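Beneath this line is the structure, given in structure tokens, with notes to follow.
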2 protein chains.
Amino acid sequence: MSREAAKPVFQPAVLTEEDVCRRVRDSVLEQRLAPGTRLTEDKLCTVFGVNRTVVRRAFLLLSRDKIVHLEKNKGAVVATPTPEEADEVFEARRVVESALITQAATRATPADFEGLRTHLKTEKAALAEADIARWIRLTGEFHILLARLGGNAPMLAFLEQLVFQTSLIIALYGKAGAPSNCRGDDHERLVTALEQGRPEDAIRLLTDHLNSIEAGLDFVPRDDTQDLHQIFAASAG
Amino acid sequence: MSREAAKPVFQPAVLTEEDVCRRVRDSVLEQRLAPGTRLTEDKLCTVFGVNRTVVRRAFLLLSRDKIVHLEKNKGAVVATPTPEEADEVFEARRVVESALITQAATRATPADFEGLRTHLKTEKAALAEADIARWIRLTGEFHILLARLGGNAPMLAFLEQLVFQTSLIIALYGKAGAPSNCRGDDHERLVTALEQGRPEDAIRLLTDHLNSIEAGLDFVPRDDTQDLHQIFAASAG
DNA sequence: TGATATTAAATTGTTGACAATCTTGTGCGC
DNA sequence: GCGCACAAGATTGTCAACAATTTAATATCA
């Protein structure tokens with residue numbers, strides 16, 4: 001947070017806790033909010049121009065989705081999933097997202113595919129403009145957009161939660177060189193497979209896609225405190 | 001609520017919002033709390049001996065899990081899933097619970113199976129004692145206990161949510177005569193299949209089980225207000 | 001009687017003050 | 001300098017009063 005903290009932008013209507021949640025989630029998705037970041041109530045109050053109550057409610061909802069971690073008297077911290085949790089998130093995504101895509105294969109209309117194609121173009125545009133934050137968010141939203149075609153609200157909500165957690169996991173454990181994010185043509189081929197009536201191929205593409213993301217992770221031991229010792233011991237010289 | 005409202009039972013420690021959530025969820029699972037029941041803050045405050053803040057937080061969490069429905073200035077009402085939502089819940093259960101059982105098949109230890117057998121005995125005992133409320137709760141908890149063996153926390157949490165919603169759905173649409181609840185031997189055979197290393201059979205038993213529950217539902221139109229008219233018109237004579 | 005407007009009660013929403021707790025900084029003794 | 005007790009500040013937790021809204025009850029009139 002090196003920029004000026006709390007420039008009170010004009011807010012026509014008062015934001016609700018859902019708005020605050022969405023803003024936080026979007027920031028997580030754009031990787032502008034790093035795992036482990038401390039979120040003080042006061043700060044968010046001034047940033048969003050809302051009451052402490054609203055921020056508190058937002059924290060509670062976000063903690064339920066494992067996006068922030070709440071600890072009594074300690075406040076809210078952006079969640080830092082463990083490697084084990086990361087593994088479980090990917091496993092859950094393989095299960096739920098496959099099921100939703102299977103459903104989507106039989107339900108998607110031409111208009112739906114058009115929407116997906118439009119999204120893919122937006123992705124490419126963001127990448128071409130080197131608007132990386134936006135591109136990262138869009139690649140995440142692609143999966144949600146695709147899953148929405150499955151027509152199952154509970155699973156969709158669950159998958160959204162998992163996508164946000166994936167963003168945290170990549171931020172934590174993503175190797176710098178590795179293709180930790182979605183490659184553009186992966187999405188393209190997935191849509192094509194669906195559109196051409198090859199759902200099995202689509203599912204295989206998806207699982208490969210998820211597996212390659214997971215393979216691009218590097219679970220270095222980051223044990224909070226002990227980590228700092230190692231880091232500073234190495235940087236001392 | 002015909003019984004005396006607020007006999008303040010001695011509470012050693014102050015309950016937290018999670019406690020209140022659990023109590024409400026348990027009541028839903030035991031079908032002691034009917035869908036559509038209005039939950040006033042004041043009432044729950046006196047019942048649980050907690051502050052309004054705690055009840056409010058509990059409501060927020062429960063609303064996230066679709067167990068209660070919150071409406072601005074209207075308060076909390078026990079959720080009444082629509083037939084479409086019910087369908088989606090069963091679909092989600094088939095997907096997630098199958099996956100968890102598949103995982104459980106490769107992970108469950110003899111001690112785990114012993115735990116399941118013990119639970120089955122408890123179920124039978126409750127049924128023998130004609131403690132129906134407890135039996136209903138136990139049959140629901142069986143699915144959660146089984147799913148826990150899958151070793152995937154996010155999916156487990158999601159399934160728990162779905163199980164509670166299933167309880168609401170059965171309460172709403174369960175035919176009186178139909179076997180809307182889990183039959184005891186279904187559970188027994190499921191455990192046996194798993195224990196004997198036949199996971200495919202276990203999954204088939206589960207899906208059949210869920211399908212039979214769903215088939216035992218009767219989605220009569222219950223349009224809130226209009227329903228009352230019909231009801232009283234019929235009972236007037 | 002039945003429908004509608006008005007008032008009273010009940011319920012929820014919001015706010016701010018205060019208490020409890022944690023964190024940081026300071027000073028003291030060694 | 002190091003370790004530790006202590007105090008000051010910052011942050012979160014709790015609560016109760018007040019405001020806003022909904023719901024129920026009552027009165028009024030056709």
Side-chain angles (χ1 to χ4, degrees), chain A residues 1 5-6 8 11-21 24 33 36-64 67-80 224-229 232-233 236, chain B residues 1-2 4-6 8 11-21 24 33 36-64 67-80 224-229 232-233 236:
Chain A
M1 302 291 175
Q11 231 76 354
V14 183
L15 299 179
T16 176
E17 64 262 19
E18 280 299 334
D19 298 318
V20 175
C21 281
V24 172
L33 202 51
T37 305
R38 193 164 158 53
L39 301 174
T40 59
E41 298 178 357
D42 226 18
K43 204 88 153 198
L44 292 212
C45 286
T46 52
V47 166
F48 293 120
V50 296
N51 197 281
R52 250 180 84 201
T53 312
V54 177
V55 172
R56 239 131 192 293
R57 282 202 289 255
F59 281 168
L60 203 61
L61 291 174
L62 290 169
S63 77
R64 187 103 189 92
I67 292 170
V68 308
H69 179 71
L70 284 185
E71 202 165 351
K72 170 124 176 171
N73 289 320
K74 295 278 187 68
V77 174
V78 178
T80 57
D224 295 335
T225 52
Q226 203 168 14
D227 204 28
L228 288 178
H229 278 249
F232 291 123
Chain B
M1 299 295 174
S2 58
E4 296 155 40
Q11 231 76 353
V14 183
L15 299 179
T16 176
E17 64 262 18
E18 278 301 334
D19 298 318
V20 175
C21 281
V24 172
L33 201 51
T37 306
R38 192 162 158 52
L39 301 175
T40 60
E41 297 178 357
D42 225 20
K43 203 88 149 197
L44 292 212
C45 286
T46 53
V47 166
F48 295 121
V50 297
N51 197 279
R52 253 180 85 201
T53 312
V54 177
V55 172
R56 236 130 195 292
R57 282 202 289 256
F59 281 168
L60 203 61
L61 291 174
L62 290 169
S63 77
R64 192 113 192 94
I67 292 170
V68 308
H69 180 71
L70 284 185
E71 202 166 350
K72 169 127 178 170
N73 288 322
K74 295 278 187 69
V77 175
V78 179
T80 58
D224 294 334
T225 53
Q226 202 167 14
D227 204 27
L228 289 178
H229 279 250
F232 292 123

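In this text, all values refer to a predicted model and were calculated from it rather than measured experimentally. A note on names: the letters A, B, ... follow the listed sequences, proteins ahead of strands, and every chain is numbered from 1.
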Spacing between [X] atom [atom1] and [N] atom [atom2], to the nearest angstrom:
X      : N       : atom1 : atom2 : answer
L70(A) : dT11(D) : CG    : P     : 17 Å
F59(A) : dG13(D) : CZ    : P     : 10 Å
E71(A) : dT11(D) : CD    : C1'   : 14 Å
K43(B) : dT12(C) : NZ    : C1'   : 16 Å
R57(B) : dG13(D) : CZ    : P     : 8 Å
D42(A) : dT23(C) : CG    : C1'   : 15 Å
L60(B) : dG13(C) : CG    : P     : 11 Å
N73(A) : dA20(C) : CG    : P     : 12 Å

### Task
Starting from the 5' end of DNA chain D, give me the residue, R52(B) or R38(B), whose nearest nucleotide shows up first.
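The residue whose closest nucleotide sits nearer the 5' end is R52(B).
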
### Message
Please find the pair of heavy atoms, one from T80(A) and one from G36(A), that lie closest to each other, and give the distance.
### Response
CG2-N, 3.3 Å

### Task
Locate the shortest heavy-atom distance separating R38(A) from G75(A); write the atom from each residue and the value.
NH1-CA, 4.3 Å

### Task
Dump the intermediate steps for side-chain contact (heavy atoms from CB on, under 4.5 Å) on V24(A) and L33(A), then the final yes or no.
CA-CA 8 Å; V24(A) 172; L33(A) 202 51; 4.0 Å; yes

### Message
Does T40(A) reach a base, just sugar-phosphate, or nothing at all? Heavy atoms under 4.0 Å.
### Response
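Contact class for T40(A): sugar-phosphate only.
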
### Task
Scan K74(A), R57(A), R52(A) and name whichever one has a salt bridge (Lys or Arg N to Asp or Glu O under 4.0 Å) with E41(A).
R52(A)

### Message
Side chain of K74(A) only, heavy atoms from C-beta on: which candidate in dT12(C), dT11(D), dT23(C) is closest?
### Response
dT23(C)

OP1 or OP2 of [N] under 4.0 Å from side-chain N/O of [X]:
X      : N       : value
N51(B) : dC15(D) : yes
K72(A) : dT14(D) : yes
R56(B) : dC15(D) : no

### Task
For the pair F59(A) and L44(A), evaluate side-chain contact (heavy atoms from CB on, under 4.5 Å) and give the outcome as yes or no after the intermediate values.
CA-CA 10 Å; F59(A) 281 168; L44(A) 292 212; 3.7 Å; yes

